[in-house]
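Please read the structure below before turning to the comments.
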Amino acid sequence: CAQLLFVFLSTGHTVSELVVIGEVGRDVTVPCHYNVQHRNGITSMCWGRDRCPNSKCSRPIIWTDGWKVTEQHSSRYQLRGDLQKGDVSLTIVSTREADSGIYCCRVELPGWFNDQLINYKVVINKARISTASPHTYTSEQTSAPGSTSESSFTPTRTWPSVSASEAPQTASAPCSDCLDVTANRQ
C-alpha cells in the first residue's frame, strides 16, 4: 500500500489584530485605509462586530459602496474620512463600555481571497477622575421665623482639587474646625 501525503499551502491574506483604546463618552476612531490609485480602484467595504469571516462582515454595522455609506446600523457608527481616497476609518460616537470588543474592517478587493482584512480589539475604559478646579462650600444658618436677628454665615473654605489617588480615604480624627464636605466629594 502506498501512502499519499497531500500538503495544502495557503497563501491567503493574513488577518492582523490591532488594539484601539478609548474612554467612555468620547468619540473613538478605529483606523482603516486602502490604496486607491485611480477611480476604478474605489471599492466597497464593511465594518462588523466580531472577527473577519471568510466573506462579508459578521454582525455588520456599516457598509459603503466605495462612494457613500449604503447601510448603517446606528448613527453612532460613522465614516468621516474621504472614502474616494481609501480612508474608511470607523468613528464610534459617544462610546460606551458595551462598545468594547472585536471589530472587522473588510475592504472588498477584486479576485478570490484578495480582500483586505483587519481585526481590531477596541477597549473602552471608564472615564478617569480628572483633577477639577477648587470648589467652594458655604453653609448658611438663618434665624427662626419672627426672630429679629440677621442671617449669619459660617466661614467659607476653598478646598484644593486632588486626584482620586491623593484624596484621603478615611479621617483619623474629627476636625472641629473643618467644614464637612464628604457628602459632596466625588
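Note that the structure is predicted; figures quoted are calculated from it, not measured.
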Working note: Arg49 + Tyr103, criterion side chain to side chain contact (heavy atoms under 4.5 Å, CB included); need CA distance, chi angles, decisive distance, verdict. CA-CA 5 Å; Arg49 296 291 304 256; Tyr103 289 77; 3.1 Å; yes
Evaluate Asp99 against Val122 for side chain to side chain contact (heavy atoms under 4.5 Å, CB included), listing each step before the verdict. CA-CA 7 Å; Asp99 293 320; Val122 174; 5.5 Å; no
Set out, in order, the CA-CA distance, both residues' side-chain angles and the distance that settles side chain to side chain contact (heavy atoms under 4.5 Å, CB included) for Asp27 and Gln78, then state yes or no. CA-CA 10 Å; Asp27 294 3; Gln78 299 176 6; over 6 Å; no
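The OG atom of Ser44 sits 12.5 Å away from atom CH2 of Trp67, with the distance rounded to the nearest 0.5 Å. Atom CG of Asn35 is separated from atom CG of Leu109 by 10.0 Å, given to the nearest 0.5 angstrom. Of the inter-residue distances, the one linking Gln72 atom CD with Ile61 atom CD1 reads 9.5 Å to the nearest 0.5 angstrom. In this structure, SG in Cys52 is found 8.0 Å from CD1 in Ile118, a value given to the nearest 0.5 Å. Residue Ile92 holds its CD1 atom at 6.0 Å from OH of Tyr77, rounded to the nearest 0.5 Å. With rounding to the nearest 0.5 Å, the separation of CZ in Arg51 from CD1 in Ile102 is 4.5 Å.
In this structure, the side chains of Ile42 and Tyr34 come closer than 4.5 Å at one or more pairs of heavy atoms.
Judged by distance alone, the side chain of Gln84 and the main-chain N or O of Val36 form no donor-acceptor pair under 3.5 Å. Side-chain N or O atoms of Thr43 include none that pairs as donor or acceptor with a backbone N or O of Gly66 at under 3.5 Å. In this structure a side-chain-to-backbone donor-acceptor pair under 3.5 Å is present from Arg106 to Lys56. Proximity of a side-chain donor or acceptor of Thr91 to a complementary backbone N or O of Thr29 within less than 3.5 Å is not detected. Listed for the Ser89 side chain is a donor-acceptor partner under 3.5 Å among the backbone atoms of Cys32.
Val88 pairs with exactly one of Gln116, His33, Met45 by the side-chain contact (heavy atoms from CB on, under 4.5 Å) rule, that one being Met45.
Val93 and Ile62 fall into different hydrophobic clusters, where Ile, Leu, Val, Met, Phe, Trp and Tyr are joined by side-chain heavy atoms under 4.5 Å apart, directly or via other members. Following chains of ILVMFWY side-chain contacts shorter than 4.5 Å, one cannot reach Trp63 starting from Leu83, and the two form parts of different hydrophobic clusters. One hydrophobic cluster holds both Val69 and Trp47 under the rule that ILVMFWY side chains link at heavy-atom gaps under 4.5 Å.
Among all heavy-atom pairs drawn from Glu23 and Val28, the shortest one is N-CG2, 4.4 Å. A pairwise comparison of heavy atoms in Asp115 and Glu108 identifies OD1-CA, 3.3 Å as the closest pair. When all heavy atoms of Glu71 and Pro60 are compared, the closest pair comes out as OE2-CG, 4.5 Å. Counting all heavy atoms, side chain and backbone alike, Asp50 lies closest to Ser58 at CB-CB, 4.1 Å.
The SG atoms of Cys46 and Cys104 do not sit under 2.5 Å apart.
In this structure, Asn54 places its CG atom where only 12 or fewer heavy-atom neighbours from other residues, nucleotides or ligands lie under 6.0 Å away. Heavy-atom contacts from other residues, nucleotides or ligands closer than 6.0 Å to CZ of Arg59 number more than 12. Counting heavy atoms of neighbouring residues, nucleotides and ligands inside a 6.0 Å radius, atom CZ of Arg80 exceeds 12 of them.
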